[in-house]
Amino acid sequence: MKRTEYCGRINKDNIDEQVVLKGWVHRRRDLGNLIFIQLRDREGIIQLVFDPEKCSKEVMECAKLLRSEFVIEVLGKVIARTIENINPEMSTGEFEVLAENLEILNSSELIPFHIDDNVNVSENLRLKYRYLDLRRDFMKDTIWFRYKVLDCIRKFMGEKEFIEIETPFLIKSTPEGARDFVVPSRMHTGKFYALPQSPQLFKQLLMVAAFDKYFQIARCFRDEDARADRQTDFTQLDIEMSFVSQDEIFTLMEDLFKKVFKETMNIDIKTPFDRIDYDISMDKYGSDKPERRYNMFLNDITSLFEKSEFKVFKENIENGGVIKAIVLKGKSTDISRKKVGEYEEFVKKFKAKGLAFVKYENNSFSGGIAKFVEPIKQKFIEMLNLEDKDIVFFGSDSKKIVNNVLGNLRLKLIKEFDLIEDKSVFDFCWVTRFPLFEKDDNGNWIAMHHLFSMPTHDTVEFVDTDPGKVYGQLYDLVINGNEAASGSIRIHNAKLQKKIIGITGMSEKEMEQKFGFLLEAFKYGAPPHGGIAPGIDRLIMIMKGLDNIKDVIAFPKTNNQLCLLTGAPDFLSIEQLNEIGIKMEEKNNGQE
RNA sequence: GGAGUCGUGGUGUAGCCUGGUUAACACGUCGGCCUGUCACGCCGAAGAUCGCGAGUUCGAAUCUCGUCGACCCCGCCA
């Protein structure tokens, strides 16, 4: 029999109708003669009633056999429940289906965990039995929400006259940032493809191809360690446009997010988004992805300690370092010496050598480095706007380390003391003007973002003289302290592109071998262009207020890049290896 | 590559610090009773050699070492 309705959609219009339902046994309540079954499908749950006075003996016998997660087909009549039997907790709680016929389409073994949002299950099991985990409302709703966001994005891009174009998965390995996943070629023994870290170069080539406005919901692969907010393979909304300015890209994204948040969550977000220069964000928040929902800033107080007796600070300043401070308002009595020790351990992860602090209570300083603050008391209080019961944490090191240390301590304090007042607010901001290069540990210049970003007009002159002073037309979109999108205006000039790549120390020959195709393309009328790429997984995570990216991915991998469901990755047979010309070392081949 | 946390019936936990009878609790499962339940109820039962390996000990879930796996973090992630 053909299904006539989804369980979760039964409503007053169905009353007295005969319906055919198909679904999973969610719960069974056998009262002896009367049997209640909660039947679940993708739209929700409806209660079935098996009443011996209303159906045959055979149907009752069959209903007795039902167990959790059996798949059944039911023919029955929709009736309104009597008032005392209404269940206000259920969306279909005013109705039930009086069963007349029942067929068991499939049985189920005892499942490893209950299909219930209230049951705690280890992530291990959830990943191994993902198809069961996905039956739970929480997962089902998240995956549906994700689809709705993507659907909304596709419609928006269509309205704005973008064309969606697929780019290849098997591509040439180019030295960009992350490690490539590699795929051996059978037809060209010894050669390898790489999986794309992003469609970056192809979307630029599409601009050369005059498509003008491109987008793609693109899968990307990076062979780097995962994190709670970072998955090995992930999805980007990849966008590229010709003849655009940074401002136009910002406006497009602001319109997109405004629409997506309105249509999928009914939330009005404020546009345009604030903009912050990278340098300012680093100085103020110690991060290039500022969490701005709580006002606690990094204050540079180097000048106060130039003549200090405190050797640690003084020597640091003499070596060109900085002293910065953050103030935790009104919590001095909540923080014990032991607690400070914990914070000290925490900041050591970020290469801090220690954690100086001082408490300000009853107009005097105590604890930590109180002795050294006393001589500069008035200026110190003024600069940090200190009030009673404030506690100050100091960072003393190179600017880079201090920003990182206090930036992270700041986030920890905000979280630990639950300082964000309204967590339902979404705070958007653009971080702009990133430096194009930074020095690696060996003192070589490396691209901070990637090699294809256009320098800003006012710093392009330093490309030849001082790469460290070159800023890029680079931007990140930050939502609630998370990097949600990243993009830039690109270089479209072969000569400048070569020069930029050259700064990283790549020889002319290597450049030709790795990027020859791009440089060649730039010779034939490459238009000025730029783009951006919001991370879809992380966006969904932020919108849903989740803290684990696995929860927004249907089939995620573990931190170790394992798929617990299928067992990937796995060994290959000798035959498969021979075919691609790969010989494993004895210990690694998985064969006996 | 490094650090931390965790691993005990089907599931989630307690027990471990301070080694010692039959490894406890809740949920689930199975059987019985039950005609308005809705996390149904009541009665009864089964189910774990405590991730794996070695060591210490008369004796190890418990202590030690190793190993595997998961999570979280640093490095890494244009």
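In what follows, every chain begins at residue 1, and chains take the letters A, B, ... in the order their sequences are listed.
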What's the gap between [N] and [M] when it is taken at their [atom1] atoms, as a whole Å value?
N: B:A61; M: B:G53; atom1: C1'; value: 16 Å
N: B:C50; M: B:C16; atom1: C1'; value: 11 Å
N: B:C77; M: B:G7; atom1: P; value: 34 Å

Report the distance from atom CG of A:N404 to atom C1' of B:C74, rounded to the nearest whole Å.
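Value for this atom pair: 10 Å.
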
Could you point out which residue of A:R126, A:R130, A:R538, A:R136 forms a salt bridge (Lys or Arg N to Asp or Glu O under 4.0 Å) with A:D551?
A:R126

Paired with [N]: which nucleotide, if any, by Watson-Crick or G-U wobble criteria at under 3.5 Å for both distances?
N: B:C17; result: none
N: B:C63; result: B:G55
N: B:G4; result: B:C71
N: B:A45; result: B:U29

Describe the nucleic acid contact of [X] in one word from base, sugar-phosphate, nothing, applying a heavy-atom distance below 4.0 Å.
X: A:L451; value: nothing
X: A:N548; value: sugar-phosphate
X: A:G177; value: sugar-phosphate

Between A:V49 and A:P112, which has a closest nucleotide on RNA chain B that is more 5'?
A:P112

Closest listed nucleotide, where the reference is the side chain of [X] and the choices are [options]:
X: A:N87; options: B:A39, B:U35, B:G10; result: B:A39
X: A:R179; options: B:C73, B:C71, B:C76; result: B:C76
X: A:R227; options: B:C76, B:C34, B:C38; result: B:C76
X: A:E96; options: B:C71, B:U37, B:G12; result: B:U37
X: A:L31; options: B:G12, B:G36, B:C71; result: B:G36
X: A:D225; options: B:G75, B:A39, B:C77; result: B:G75
X: A:E224; options: B:C38, B:G10, B:C76; result: B:C76
X: A:N559; options: B:C71, B:C76, B:C38; result: B:C71

Inspect the contact between A:K203 and A:D238 and indicate whether a charged nitrogen and a carboxylate oxygen are less than 4.0 angstrom apart.
yes

Residues A:K12 and A:E94 bridged, charged N to O under 4.0 Å:
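The answer is no: the pair does not qualify as a salt bridge.
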
Go through the N and O atoms of the side chain of A:R222 and the base of B:C77, and report whether any donor-acceptor pair is under 3.5 Å.
no

Can you find a side chain N or O atom of [X] that sits less than 4.0 Å from OP1 or OP2 on [N]?
X: A:N85; N: B:C38; value: no
X: A:R29; N: B:U37; value: no
X: A:K550; N: B:C72; value: yes
X: A:N33; N: B:U35; value: yes
X: A:S122; N: B:C6; value: no

For residues 215-237 of chain A, pull every pair meeting ring-ring contact (aromatic ring centres under 6.0 Å, His included), keeping only residues two or more places apart or in separate chains.
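Checked against ring-ring contact (aromatic ring centres under 6.0 Å, His included) - neighbours excluded - the pairs reaching residues 215-237 of chain A are A:F169-A:F221.
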
Could you note down all residue pairs passing ring-ring contact (aromatic ring centres under 6.0 Å, His included) where residues 471-505 of chain A supplies at least one of them, sequence neighbours left out?
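Qualifying pairs, neighbours excluded: A:F250-A:Y475.
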
For nucleotides 43-46 of chain B, give me every protein contact, N/O to N/O, under 3.5 Å, one pair per line with atom names.
none

Taking it one step at a time, do A:T235 and A:I217 satisfy side chain to side chain contact (heavy atoms under 4.5 Å, CB included)?
CA-CA 7 Å; A:T235 306; A:I217 310 289; 3.5 Å; yes

What's touching nucleotides 25-29 of chain B from the protein side, N or O pairs under 3.5 Å?
unit_1	atom_1	unit_2	atom_2	d
B:G28	O4'	A:H114	NE2	3.4

Residues which pass salt bridge (Lys or Arg N to Asp or Glu O under 4.0 Å) with A:K353, listed by chain and number, not counting sequence neighbours:
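Listed in chain order: A:D397.
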
Looking only at the side chains, is there a donor atom on one of A:Y214 and A:Q216 sitting less than 3.5 Å from an acceptor on the other?
yes

Answer yes or no: is there a donor N or O on one side and an acceptor on the other, between the side chain of A:Q497 and the main chain of A:L451, under 3.5 Å?
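Here the side-chain-to-backbone pair exists.
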
Partners passing side chain to side chain donor-acceptor pair (under 3.5 Å) against A:N87 (at least two apart in sequence or in another chain)
none

Parallel, tilted or perpendicular: which one describes the rings of A:Y131 and A:Y129, with boundaries at 30° and 60°?
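It falls in the perpendicular class, over 60°.
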
